[in-house]
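Counting starts at 1 for both ligands and their atoms, in listed order.
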Amino acid sequence: MPDSHYIIVVGCGRLGCMLANQLCGAGHSVVAIDRNPSAFDNLSIDFSGYKIVGDAAEVSVLHEAEIEKANTLFAVTTKDSMNLMVAQVASEVFQVPSVVARVYDPKRETVYREFGIQTISPTQLSASAFLQCIPIKAR
Ligand code: AMP
């Protein structure tokens with residue numbers, strides 16, 4: 001496993017920018033993709049990675065990001081279906097070794113896992129964090 005990873009972040013909103021900033025700060029090669037150029041305004045001034053304006057659903061945009069070199073792809077737009085689609089293409093077509101997708105709807109996580117895609121559910125993480133704030137047991 002190399003020390004420096006080549007990581008693609010799809011969707012450069014609050015979460016995507018935070019990931020891109022931190023990964024870049026840690027010395028990794030980062031490519032941030034967003035279809036809205038103003039999304040990159042939240043990247044740190046120290047961000048030294050690449051920014052690509054484009055729709056990650058288009059394979060040409062993934063080629064421009066040199067996805068074949070990527071160790072990891074994070075699909076973190078706000079749309080579960082978009083994240084699933086990009087994650088699937090990254091995993092199956094380009095064989096990116098590590099693909100992680102944001103999924104709001106916990107019911108959809110099973111589908112993602114069937115495709116071998118790791119998922120992070122903000123909904124589930126938030127529910128756990130809220131419940132940990134109170135001294136009761138919840139199922
Ligand atoms: P947020 O709303 O803060 O979670 O940000 C989500 C980001 O994902 C926004 O900046 C959108 O422009 C971006 N986004 C949504 N769909 C796509 C897509 N197909 N390709 C690239 N970026 C996208």
At under 4.0 Å between heavy atoms, what of M85 touches ligand 1? The answer is neither
Do ligand 1 and R14 have nitrogen or oxygen atoms that lie under 3.5 Å from each other?
yes
Heavy atom of K79 under 4.0 Å from ligand 1?
no
For M18, is the CE atom crowded, meaning more than 12 foreign heavy atoms sit under 6.0 Å from it?
no
Under 4.0 Å, heavy-atom basis, I'd like to know which part of M82 is in contact with ligand 1: side chain, backbone, both or neither.
side chain
Only pairs under 3.5 Å count here: list side-chain donor-acceptor contacts from residues 49-56, not counting sequence neighbours, and write none if there are none.
| unit_1 | atom_1 | unit_2 | atom_2 | d |
| --- | --- | --- | --- | --- |
| D55 | OD1 | A57 | N | 2.8 |

Region of A56 that comes within reach of ligand 1 [heavy atoms, distance under 4.0 Å]:
both
Do T78 and ligand 1 have an N or O pair less than 3.5 Å apart?
no
Heavy-atom check, side chain of V100 versus side chain of T119, under 4.5 Å
no
Looking only at atom types and distance, does a side-chain atom of H28 sit under 3.5 Å from a main-chain N or O of H5, one as donor and one as acceptor?
yes
What protein heavy atom is closest to atom 8 (O) of ligand 1, reported as residue, atom name and distance in Å?
G11 CA, 3.4 Å
List ligand 1 atoms under 4.0 Å from G54, heavy atoms only on the residue side.
20 (N), 21 (C)
Between I8 and I33, the two heavy atoms sitting closest are CG2-CD1, 3.8 Å
Got a sec, which residues hit side chain to side chain contact (heavy atoms under 4.5 Å, CB included) with P97, two or more places apart in sequence or on another chain?
none
Would M18 count as a contact residue for ligand 1, given that I'm defining contact as a non-hydrogen atom of the residue lying under 4.0 Å from a ligand atom?
no
Do me a favour and list the nearest non-hydrogen protein atom to atom 17 (C) of ligand 1 with residue, atom name and distance?
R35 NE, 3.6 Å
Minimum non-hydrogen distance to atom 13 (C) of ligand 1, winning option of V53, D34, V76:
D34
So, the side chain of N83 versus the backbone of A101: is there a donor-acceptor pair under 3.5 Å, distance only?
no
Would a 4.5 Å heavy-atom cut-off, applied to side chains only, mark Q95 and E68 as touching?
no
Between D55 and ligand 1, does any nitrogen or oxygen pair lie at a separation below 3.5 Å?
yes
Can you sort out which atoms of ligand 1 are near G13, meaning under 4.0 Å from one of its heavy atoms?
1 (P), 3 (O), 5 (O), 7 (C), 10 (O)
In terms of atom number and element, which parts of ligand 1 are under 4.0 angstrom from non-hydrogen atoms of A39?
10 (O)
Looking only at atom types and distance, does a side-chain atom of N42 sit under 3.5 Å from a main-chain N or O of G13, one as donor and one as acceptor?
no
Give the minimum heavy-atom separation between R102 and T77, together with the two atoms involved.
NE-O, 3.2 Å
Out of all atoms in ligand 1, which are within 4.0 Å of some heavy atom of R102? Include the element for each.
4 (O)
